A.B. asks: 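Mind having a look at this structure? Questions to follow.
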Protein chains: 2
Amino acid sequence: MAHGRAPNAPSPRVREKRRRRRAEILHAALRAFRETGYHTTTLDDIAERLGVRKTALYHYFPDKESILYECHRESLGEIARMIEEAEACYECASDKLAYLIREHVRVMTETLEGSPLAFEVPALSPERRAEIVAARDGYERVLRDLVLQGTRDGEFRPVDPKVAVFAILGAINWIARWYQPEGAIDALELGSKFADYLVGGLKCEQPS
Amino acid sequence: MAHGRAPNAPSPRVREKRRRRRAEILHAALRAFRETGYHTTTLDDIAERLGVRKTALYHYFPDKESILYECHRESLGEIARMIEEAEACYECASDKLAYLIREHVRVMTETLEGSPLAFEVPALSPERRAEIVAARDGYERVLRDLVLQGTRDGEFRPVDPKVAVFAILGAINWIARWYQPEGAIDALELGSKFADYLVGGLKCEQPS
DNA sequence: TCAATTTTTTAACGGCCGTTCAAATCAGCC
DNA sequence: GGCTGATTTGAACGGCCGTTAAAAAATTGA
């Protein structure tokens with residue numbers, strides 16, 4: 001047994017190759033889902049983007065829904081990373097919130113990863129949907145807590161945290177519907193503008 | 001020919017009955033589309049809500065897409081009404097904008113009419129989609145012009161009107177995804193809070 | 001170079017769902 | 001009450017698309 005791996009186990013080389021191919025498929029699917037939605041994109045559509053027949057996809061994913069599920073998992077990973085970063089790098093609520101908005105916008109625009117998480121949750125099976133929704137709820141809770149903290153600290157005026165967070169997430173998620181990577185609006189600039197606007201709406205007016 | 005109507009023409013009575021039935025179907029479809037999305041709701045689903053077989057629907061609409069199209073038309077009618085009202089009843093940009101936000105939220109929650117307009121535009125045929133998109137673009141232009149006017153008048157700080165309007169519409173459209181008519185959040189209150197938050201983010205900070 | 005195995009293809013099935021059409025039932029009207 | 005048109009039904013078709021299975025092609029590793 002070469003290099004000590006189990007008999008009949010795939011070599012590291014083929015494992016890596018397979019991993020890359022999976023990522024390619026996921027990326028192609030991601031773009032297709034974003035452009036035409038999960039239900040209207042067929043496996044042929046995804047396969048065509050890769051120059052391959054649709055049956056080839058079944059060597060990497062058991063079914064169509066699993067492809068969508070993995071898209072969601074990747075997005076959630078990005079979100080989790082964002083949250084850790086915000087906690088580690090910023091102090092006050094408004095800075096943390098602004099950072100999260102900027103990063104979320106970046107995920108939505110640069111990598112385009114966020115779009116299925118925004119729009120295609122209902123397409124998942126009940127169990128998987130429950131898992132994704134639970135994670136998304138956790139993210140929403142983090143945002144609500146930030147709004148509350150800001151209000152307690154006197155940074156923000158007293159607003160309904162639930163409603164404010166729904167507004168923020170709606171604004172961000174909606175990006176997937178109109179943003180065009182090759183368009184006139186720069187992704188990073190968009191993130192900053194969104195952060196300015198959406199955090200600005202929470203801030204106390206300067207005492208005169 | 002009774003009452004002077006053309007021979008073989010339906011009587012006013014049956015015309016009215018048909019009109020009502022169409023509205024019933026549209027409303028049932030609207031709720032179904034909102035709850036599960038256009039592509040996953042079948043004609044059986046819509047018919048079941050009406051206690052009828054799906055083939056009965058074909059007496060009122062030529063195909064499934066036409067039902068969706070009529071939903072869009074109704075929403076656009078509401079939007080147009082909103083715009084006229086805002087122009088007629090309010091003076092400054094912030095008041096007009098706040099009114100439009102409140103009303104749009106009301107359309108989104110009370111009547112639930114706005115949800116297909118928010119989410120199911122891509123499901124329309126190219127020609128119909130073009131028509132609906134053009135109308136929606138007109139609405140967006142009205143909002144952008146309000147933001148610009150507010151900035152010119154010194155009410156609003158200088159923001160990117162395009163980006164601000166996308167944020168506002170995203171926040172509002174997203175309501176269709178989480179709002180539950182029987183839930184804890186009151187529709188009118190939600191409209192006011194959205195208007196406060198989204199217009200507040202545009203306003204100049206008070207000079208100290 | 002050649003066997004082993006990974007990857008892709010070809011062919012085809014099967015179910016769902018929008019749609020059609022003729023027949024049956026219902027409602028309006030004199 | 002009975003004729004006429006409006007409405008609903010039942011049965012069935014047909015295409016699209018996700019999925020399966022087995023054969024072919026390509027890649028790996030010695």
Side-chain angles (χ1 to χ4, degrees), chain A residues 1-26 28-29 32-33 36-70 120 123-125 128, chain B residues 1-26 28-29 32-33 36-70 120 123-125 128:
Chain A
M1 49 188 86
H3 304 287
R5 64 183 152 87
N8 293 338
S11 71
R13 178 157 180 156
V14 299
R15 278 182 65 91
E16 174 63 14
K17 194 178 173 188
R18 181 185 175 86
R19 201 191 58 77
R20 282 182 191 275
R21 193 76 174 130
R22 269 180 66 102
E24 281 177 15
I25 294 172
L26 236 42
F33 293 159
T36 57
Y38 175 75
H39 287 106
T40 48
T41 66
T42 107
L43 290 180
D44 281 317
D45 292 337
I46 300 172
E48 194 181 358
R49 288 168 188 259
L50 299 161
V52 101
R53 305 284 166 210
K54 65 178 170 183
T55 44
L57 306 179
Y58 283 87
H59 203 254
Y60 300 90
F61 299 92
D63 50 32
K64 186 187 178 190
E65 193 217 312
S66 297
I67 300 178
L68 179 64
Y69 174 66
E70 292 301 331
E120 304 297 357
L124 292 169
S125 71
R128 286 172 165 174
Chain B
M1 47 189 87
H3 304 288
R5 64 183 152 88
N8 293 339
S11 71
R13 178 153 180 162
V14 299
R15 280 181 66 89
E16 174 63 14
K17 192 178 174 189
R18 182 185 176 85
R19 201 191 58 77
R20 281 181 191 277
R21 194 74 174 133
R22 269 180 66 102
E24 280 178 17
I25 294 172
L26 237 41
F33 293 158
T36 57
Y38 175 74
H39 287 106
T40 49
T41 66
T42 108
L43 289 180
D44 281 317
D45 292 336
I46 300 172
E48 193 180 359
R49 288 168 188 257
L50 299 161
V52 102
R53 303 289 163 204
K54 65 177 169 183
T55 45
L57 305 178
Y58 283 87
H59 203 254
Y60 300 90
F61 299 93
D63 49 33
K64 186 187 178 190
E65 193 218 310
S66 297
I67 299 178
L68 178 64
Y69 174 66
E70 293 300 330
E120 305 297 357
L124 293 169
S125 71
R128 286 173 166 175

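Proteins come first, then strands; the chains are lettered A, B, ... in the order of their sequence lines, and each starts at number 1. Values below: every heavy atom of this structure, side chains too, minus hydrogens, waters and symmetry copies. Here the structure is a predicted model, which means the values were calculated and not measured.
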A.B. asks: Check the distance between D/dC17's C1' and A/Y38's OH and give it to me in whole angstrom.
C.D. replies: 12 Å
A.B. asks: Tell me which nucleotide among C/dG18, D/dG18, D/dT9 gets nearest to the side chain of B/V52.
C.D. replies: D/dT9
A.B. asks: Could you give the CZ-to-C1' distance, from A/R53 to D/dG18, as a whole number of Å?
C.D. replies: 17 Å
A.B. asks: For A/I46 and D/dG18, what is the distance between atoms CD1 and C1' respectively, to the nearest whole Å?
C.D. replies: 11 Å
A.B. asks: Could you tell me whether the side chain of A/L43 reaches within less than 4.5 Å of the side chain of A/Y58, counting heavy atoms only?
C.D. replies: yes
A.B. asks: What integer distance in Å separates B/H39:NE2 from C/dG18:C1'?
C.D. replies: 12 Å
A.B. asks: D/dA11 P sits how many Å from B/K54 NZ, rounded?
C.D. replies: 13 Å
A.B. asks: Closer than 4.0 Å, any side-chain N/O of A/R21 to the OP1 or OP2 of C/dT8?
C.D. replies: yes
A.B. asks: To the nearest Å, give me how far apart CZ (B/R22) and P (D/dT7) are.
C.D. replies: 12 Å
A.B. asks: Looking for any heavy atom pair under 4.0 Å, which part of the strands does B/T41 touch: base, sugar-phosphate only, or nothing?
C.D. replies: sugar-phosphate
A.B. asks: Between A/R18 and C/dT7, is there a contact of a side-chain N or O with OP1 or OP2 at under 4.0 Å?
C.D. replies: yes
A.B. asks: May I ask you to decide if A/F33's main-chain N or O and A/T36's side chain share a donor-acceptor pair within less than 3.5 Å?
C.D. replies: no
A.B. asks: In this structure, how many angstroms lie between the P atom of D/dC17 and the CD atom of A/E48, rounded?
C.D. replies: 12 Å
A.B. asks: Rounded to whole Å, how long is the line connecting atom CG of B/L43 with atom C1' of D/dT9?
C.D. replies: 15 Å
A.B. asks: In the structure I gave you, are the side-chain heavy atoms of A/R128 and A/E65 within less than 4.5 Å of one another anywhere?
C.D. replies: yes
A.B. asks: Taking side chain as C-beta onward, heavy atoms only, is B/L57 less than 4.5 Å from B/L50?
C.D. replies: yes
A.B. asks: Is A/E70 close to A/R22 at the side-chain level, that is, under 4.5 Å between some pair of heavy atoms?
C.D. replies: yes
A.B. asks: Kindly point out which of C/dC17, C/dA27, C/dT9 is positioned nearest to the side chain of A/A56?
C.D. replies: C/dT9
A.B. asks: Which residues in residues 57-68 of chain B have at least one heavy atom lying under 4.0 Å from any atom of DNA chain D?
C.D. replies: B/H59, B/Y60
A.B. asks: Could you pull out the closest heavy-atom pair between A/K64 and A/Y38, with the gap in Å?
C.D. replies: NZ-O, 3.0 Å
A.B. asks: Would you mind classifying the nucleic acid contact of A/K17 as base, sugar-phosphate or nothing, using non-hydrogen atoms under 4.0 angstrom?
C.D. replies: sugar-phosphate
A.B. asks: Check salt bridge (Lys or Arg N to Asp or Glu O under 4.0 Å) between B/E16 and all other residues, then give those that pass, not counting sequence neighbours.
C.D. replies: B/R19, B/R20
A.B. asks: Considering every strand and a 4.0 Å limit on heavy-atom distances, what is the contact class for B/T55: base, sugar-phosphate, or nothing?
C.D. replies: base
